[in-house]
Structure formats: C-alpha cells, structure tokens
*Asks:* 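Pasting a structure here, questions to come.
Because only heavy atoms are used, hydrogens play no part in the values below, and waters and symmetry mates are left out as well, while side chains stay in. Letters A, B, ... mirror the listed sequences (proteins, then strands); counts begin at 1.
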Number of protein chains: 2
Amino acid sequence: MSGGPLPTIHEVARLAGVSVATVSKTLNRSGKVSELLQERVNAAAQKLGYAPHASARSLRSGATRILGLLVADLANPYFLRLVESIERLSSAAGYSVILCNSAEDPAREERHLAMLLSQRADGAIVIPTRRGWSGRQAALANLPMPGILVDRRIEGLDLDSVTTDNVALGRLAAEHLDDLGHRRIAVIMGSPEHQIARHRLDGLRSGLASRGVTLDERLIEKDNFSEAAGHAAALRLLGHAQRPTAIFATNNHLSLGLLRAIAERGLSIPDDLSVIAVDELPWAGLVRPGMTVVTQPSEAIAETTVSTLLSRILEGRSGAEDEARSIQLQPALVVRGSTAAVRTSST
Amino acid sequence: MSGGPLPTIHEVARLAGVSVATVSKTLNRSGKVSELLQERVNAAAQKLGYAPHASARSLRSGATRILGLLVADLANPYFLRLVESIERLSSAAGYSVILCNSAEDPAREERHLAMLLSQRADGAIVIPTRRGWSGRQAALANLPMPGILVDRRIEGLDLDSVTTDNVALGRLAAEHLDDLGHRRIAVIMGSPEHQIARHRLDGLRSGLASRGVTLDERLIEKDNFSEAAGHAAALRLLGHAQRPTAIFATNNHLSLGLLRAIAERGLSIPDDLSVIAVDELPWAGLVRPGMTVVTQPSEAIAETTVSTLLSRILEGRSGAEDEARSIQLQPALVVRGSTAAVRTSST
DNA sequence: CTTCACTAGAAAAACGTTTAACTAACTCGG
DNA sequence: CCGAGTTAGTTAAACGTTTTTCTAGTGAAG
C-alpha cells in the first residue's frame, strides 16, 4: 500500500549533484540559479517524486499556509455555502483549510481554537457560536494570528468582521410586503437575544414604519432558531382568529418549520398566506409557486472574508497593523411566487 | 490584535527551572518526572500560555495528527453528513481535519492529493470523484500514508473502502414496492456508467425478479445525477401513456427533481403515484405524507471509516500491513407516506 | 599583474520539538 | 564498604527545510 520513506531535499540534491541550498532556491524561485542546474534539479525532483515536507518548511519559515475555518454549525445550509466558497478561494490562493465544526457548542469552539493555535494556522476564519463561554472574547482577541469573524459579529471585540447588513435585509422584506398591501404581518424571529434576529426585525419594523405601517407586536414569535421552534411558532400564528396575511421567517431552519406547518394545515401559498424567507435553499424548488426570499450575498461574503484575511496575513509580516475593519454587505430581494397582493384589504 | 511571539518550550523550561526534556516529558506524560517538577512545569506552561508548535513536533516525531478529507462534492447533503460525523469523530480522537472539496473535478482532486502529501497528513479519507483522470488510481495507490475510500469504490484499487451495500439497498426498495402490489415501476437511475447506480438498479431488478416480477426496461431513465436530469426524466416518465405507479429515484438530487416535476404536474403523492427515494433529507418534512426512503447508515459509515483508518495508522507504525479491507454496511427501509398500495391493480 | 567587485554556488546555522544517550545520586545485596 | 541496579534528571542529536554567511571563480579596471 504505502511506499518507502519519502525523499528529502538532500536526496534530490545528491541526485542532481548540487547542494541542498541550490535545490531549495530552484524550487522556490528565490535566489540565482543557472539554467543548467535548474534543469538538473527539476529533473531530479520529478524523478524522485519529491514533495517538500510542509512541517519542516513552516518550522523554518514561520508560515504554515494553513487557514482555520471554525463554523458554528455545519448543518446550516447557508454556512455550508460559505464553507464551500471559502475552501475554493483559499485553495486557489495556495492555502489549506482545517475545518472545525463547533455545532453551536462553545466548549468545542474553545478546543478547536486551541488546536488551531497549536497548528500555528496563518489565519482563522470564525463563524462564532451564538452564546459564548465566558472567556471566548479573550480567546479570540488574544489569537496570535490574524482572525476574522463571519456572519455573526461579537460586540466589543476588536476583530475584522464580514456580515450581511441585516437591518437592510429586514427593510427589503418590509418594502416588498408593503408594496403588496400587507398589513397583518407576522414574524418568526428566532431568539431575541441574538443580534442578527434583532437586526432583521428592526429592519422590518423600521421599513414598515417609514411607510406608515406599524408592526403588530403580538405577531412576533420569539423562541430559538430550530426547525421545531419555527413549526410551533407557525402553528400558533396560523391559529389566530385574525390570521396574518404574510409571514416573515428570519432564518432557513425557521422557514422550513413554517412551510411544514402550512402544508400540514392544508393552506396554500400565496392564496391563503404570503411567505417570505431568508436565503436560497436547495429545496426551494419544491415549494410550488417558488419561494420569495431575501438573500445574503454568500459568495461576496466569502470573497471579502478570504481576501481581507489574506491581506492581514501579508501586512502582519511587514509589521503594519491598523484597526479592525467591519464590513457589511448588502442583501437582495428575489421575488417568486410565495408572496402576492392581499385579497381582501381590511385597511 | 496579535500579541508578541509565542513562548517556546525553552522559555517554559527556564521559568520552571528545569531542562526542556523534562518539560517535554511532563507535557506528554512520557518518562518519569517527579511530582514536584511536574507541578512546576505545568504552572510555568499555564502561566506563559504555552502551546506546543505542531510543526516542530511533527517534524521530529513523524506524525502530524492531521487527516485529509477529500470529498467529491460538498453540496451533496449525504456527503455533508459524512463530513460532519467524520470531523466530530476525528476531532474527538485528537486529529485535525483538512477539508478538500473536489467538486467532481478530477484535476482539483489531484491537486488536493498532492497538497495532503506535502502536509504529510497521517491518513486520507477520500470520497473519489465519479470519473477519474487517468493517473488517479496510481496517485491513490502510491499514497505514502494510509488511505480509505468512502461511499464510492474504485475497481482494481488495493485500498480499504467503506460503502453502503447498494445491491441490498435496491432490493429493499424492490421488496417494499412489491409488497404494495406495484408492477409498473420506474427508475431514475442517474449515470449508467456509475457503479453505485448500477448496483442499486441491479438490486431492484433482482429483488423484483425473486418475487417473480420483471422490471420494464423502458421505464429506466438514464442520464446524469443532477437535479435537472431528475426533473427531465420525471417529466418523460409522467408523460407515458401508461403512467408508472411507482418511481424509484436512486439519489437525492434526482429525487428533488422528481418531486419538483410531480408538484408541477399537480399530481398528488401517494394517490396518483408512489415515490421512494434514497437517504433522509433535511427538507423531507415538506413532502406532505412524508417520504418513504431507503437510508444509508451514514453515522455507522463514518465511524467505521475513522476507526479503520486510525487503526491502519497505528499498525503502520508497527510495520504490520495486511491486505485491503472492503467493508459494506447495510441500508434500511423507512416507510412513510409517499408509498401506498396500488389502487387499480392491472396485473 | 594585482586588486576589486560581482556572481553562482556551497556550507552551516537555525527553527522548536522529541528522544536516545548519558550522568549523578541513591539503594541495596554481598 | 563496594559494585551493580535503579531512578530522575540533563545534554545533545536529529527531524527537513530556509536563509544567512562564506568561498571560489570570473571579468574588468587600474
């Protein structure tokens, strides 16, 4: 199965009849090496199937060309898309990615962070868990390598971050629903302690307010972000005497629960009810009229994240170090069939 | 943002007033160190926030405690579940995971493999791309570290593998459909060149045959594994003069396309048509009567994969090396509402 | 012809660990 | 009281690179 021990730079040097320094310079295109020797070296390396030992290289050079990617919840399809893009971009830039899933467990997050420290990753991309253990802020702030937060920010933490403008996201939903004449608008918001949920709700509320519509606070369902919670909240909302004409689910787990509840109740979208969700989802094609959604710019977020982190890594080498950037990217509204104008406007 | 340079074992040794060897022995619990010195060392390490430099450690010890995880397609939810489980299990065993997505592109797969070689990963877990570039077999066979194939096997490659028993999977579907009295059974099989698809079809065919039912070859739709292909195939099947009474979709992308087509045609499940799919899917709750599926034992596959690989890594150290194991795990039938007995039996 | 500047290459140090080899102190049987 | 084991610790070598320093050779200027 496995061949013998791998060749080292010394064996390449011996085969090519040169010193190890020359081999190193040739392979890294650093320093001057004559054409002739370059060819001999490359031929020898090729012949032996030489692959430089990354540990030795980084021990000496101080750079591992490894990025840590610490995600709060791999099962979240939105995060998964971020992971995909980040892996692709990092890999294209010559970096390997160590993937860590904290599964919303701060203890796992802490362990993974310690591991990344030991590995001396050149940088860390962190989608932090929702509720931190006490020392998390410190652990993140004291990270010896450049780090960047994605999707979720942590208040009072001096670290680069790339997030969606969630207030704008809520406002987009508000404007769309108002355009369609909706007045009885319900929200399944998830946990009210969570900043993102609050921002989205705030955006919705202020967006409606700026159109002269006030959000009925009794139609705001708060709990956690699970599919089950979304399902339960939806059932409560659908049970109201005055059923809402539109429901905004602020996260993809919640919208799945919402849709399930609607299907169970035998209601049809958008005739009985308009639904607007967040993020494109692989199964959205199953919802017959098509889902109207407000999307987060995941590809742009991934690009910004990776390029910002890589530039931090470079400037870190040259000593410069300015203050933390916090970048917000704009969401977009995608109108499909799950939202429609209200039938009987009871203004 | 980032603090000064990280402390080395020498600084710990100096602070504790002992030699570096003593620090190393204490921290690794190898060799004899007196209680007193152990405490001094631990206190010093704690105080300095010492984290051993993984590169230095692996350069010397020869082990990186890194596993490479090379997946053919991260967007596939089934693979994603495997990734989640593998990450969790590896991490619990003290290994970090470098994630590589080849996105069904053999060239990316090759590059990633070379990178894992350079990183000197202790082992590689590979879900190979469907169609290999010419040298893939060689690249995999010559891997200097233990490797293991998951989900997809490569014929004639002497490497451990863990897969689902796909013939059994097809047979489970066959028996269930036969129990319900179905005779006009259609299959959306994906690419006929792909071993897994062939096995599942073979299982279905032989399962039916052993019940005295012959599969109508005209109702076998072959193309690729995309959602679009599933959708197109479904439309063709639903257009037949004699519509099939049941459809078996052999993969999750295909079943999504199938369900979309059924929804578009306004048909209802299972009244007009029974549907059986492969694998639990996050959105299965949306299909109202619930999806009847044949599931692959993803958690068991992940466990077997990781434990087999880790034992290979251990035995690799001690020189022993027996021949490749190829392990097949059993699928299970989960009956929900999407399949029902045929109405008008036209035997 | 000698000296100087420059160049291509070699020799050697360094990165931070682990571990084999060594040493000093102590124990104990004869 | 002495030599042989045992024990707890230190010293130093080694892992495979990169990179700094050093050397020998070449060509040109004086």
*Asks:* Hey, are Arg108(B) and Glu87(A) close enough for a salt bridge, meaning a charged N less than 4.0 Å from a carboxylate O?
*Replies:* yes

*Asks:* Can you tell me which nucleotide in dT17(C), dG9(D), dT17(D) comes closest to the side chain of Thr22(B)?
*Replies:* dG9(D)

*Asks:* In whole Å, I'd like the distance from the CG atom of Leu6(A) to the P atom of dC15(D).
*Replies:* 15 Å

*Asks:* When you measure only distances, ignoring hydrogens and angles, does the side chain of Lys25(B) come within 3.5 Å of the base of dT10(D) through a donor and an acceptor?
*Replies:* yes

*Asks:* Is there a donor N/O on one and an acceptor N/O on the other, under 3.5 Å, for the side chain of Arg60(B) and the base of dT17(C)?
*Replies:* no

*Asks:* Check the distance between dG9(C)'s P and Arg40(A)'s CZ and give it to me in whole angstrom.
*Replies:* 9 Å

*Asks:* Output the rounded distance in Å from NE2 (His53(B)) to P (dC15(D)).
*Replies:* 19 Å

*Asks:* Report the distance from atom CZ of Arg14(A) to atom P of dA11(C), rounded to the nearest whole Å.
*Replies:* 14 Å

*Asks:* Do the side-chain N or O atoms of Ser61(B) get closer than 4.0 angstrom to the phosphate oxygens (OP1, OP2) of dT17(C)?
*Replies:* no

*Asks:* Is the distance from OP1 or OP2 of dT17(D) to the nearest side-chain N or O of Ser24(A) less than 4.0 Å?
*Replies:* no

*Asks:* I need the CG-P distance between Asn28(B) and dA20(C), as an integer number of Å.
*Replies:* 13 Å

*Asks:* Assign Ser19(B) to base, sugar-phosphate, or nothing according to its heavy-atom contacts below 4.0 angstrom with the strands shown.
*Replies:* base

*Asks:* With the side chain of Ser34(A) defined as its heavy atoms from C-beta on, choose the nearest nucleotide among dG9(C), dT17(D), dA12(D).
*Replies:* dG9(C)

*Asks:* Arg57(B) has an atom CZ; how far is it from atom P of dG16(C), in whole Å?
*Replies:* 15 Å

*Asks:* Please tell me if the side chains of Leu27(A) and Val41(A) come closer than 4.5 Å, counting only heavy atoms from C-beta onward.
*Replies:* yes

*Asks:* Please determine, for the side chain of Ala21(A), which listed nucleotide (dA10(C), dT19(C), dT17(D)) has the closest atom?
*Replies:* dA10(C)

*Asks:* Output yes when at least one side-chain N/O atom of Ser58(B) is less than 4.0 Å from OP1 or OP2 of dC15(D), else no.
*Replies:* no

*Asks:* Using whole Å, what does the distance between atom P of nucleotide dT18(C) and atom CG of Leu59(B) come to?
*Replies:* 11 Å

*Asks:* Give Thr8(B) one of three labels, base, sugar-phosphate or nothing, depending on what nucleic acid heavy atoms sit under 4.0 Å from its own.
*Replies:* sugar-phosphate

*Asks:* Hey, does Ile98(B) have a side-chain heavy atom less than 4.5 Å from the side chain of Leu99(A)?
*Replies:* no

*Asks:* Strictly by modelled atom types, are Glu109(A) and Thr129(A) linked by a side-chain donor-acceptor pair under 3.5 Å?
*Replies:* yes

*Asks:* Between Ser55(A) and Ser58(B), do the side chains contain an N or O donor and an N or O acceptor separated by less than 3.5 Å?
*Replies:* yes

*Asks:* Tell me: NE2 of His10(A) to P of dC15(D), nearest whole Å?
*Replies:* 9 Å

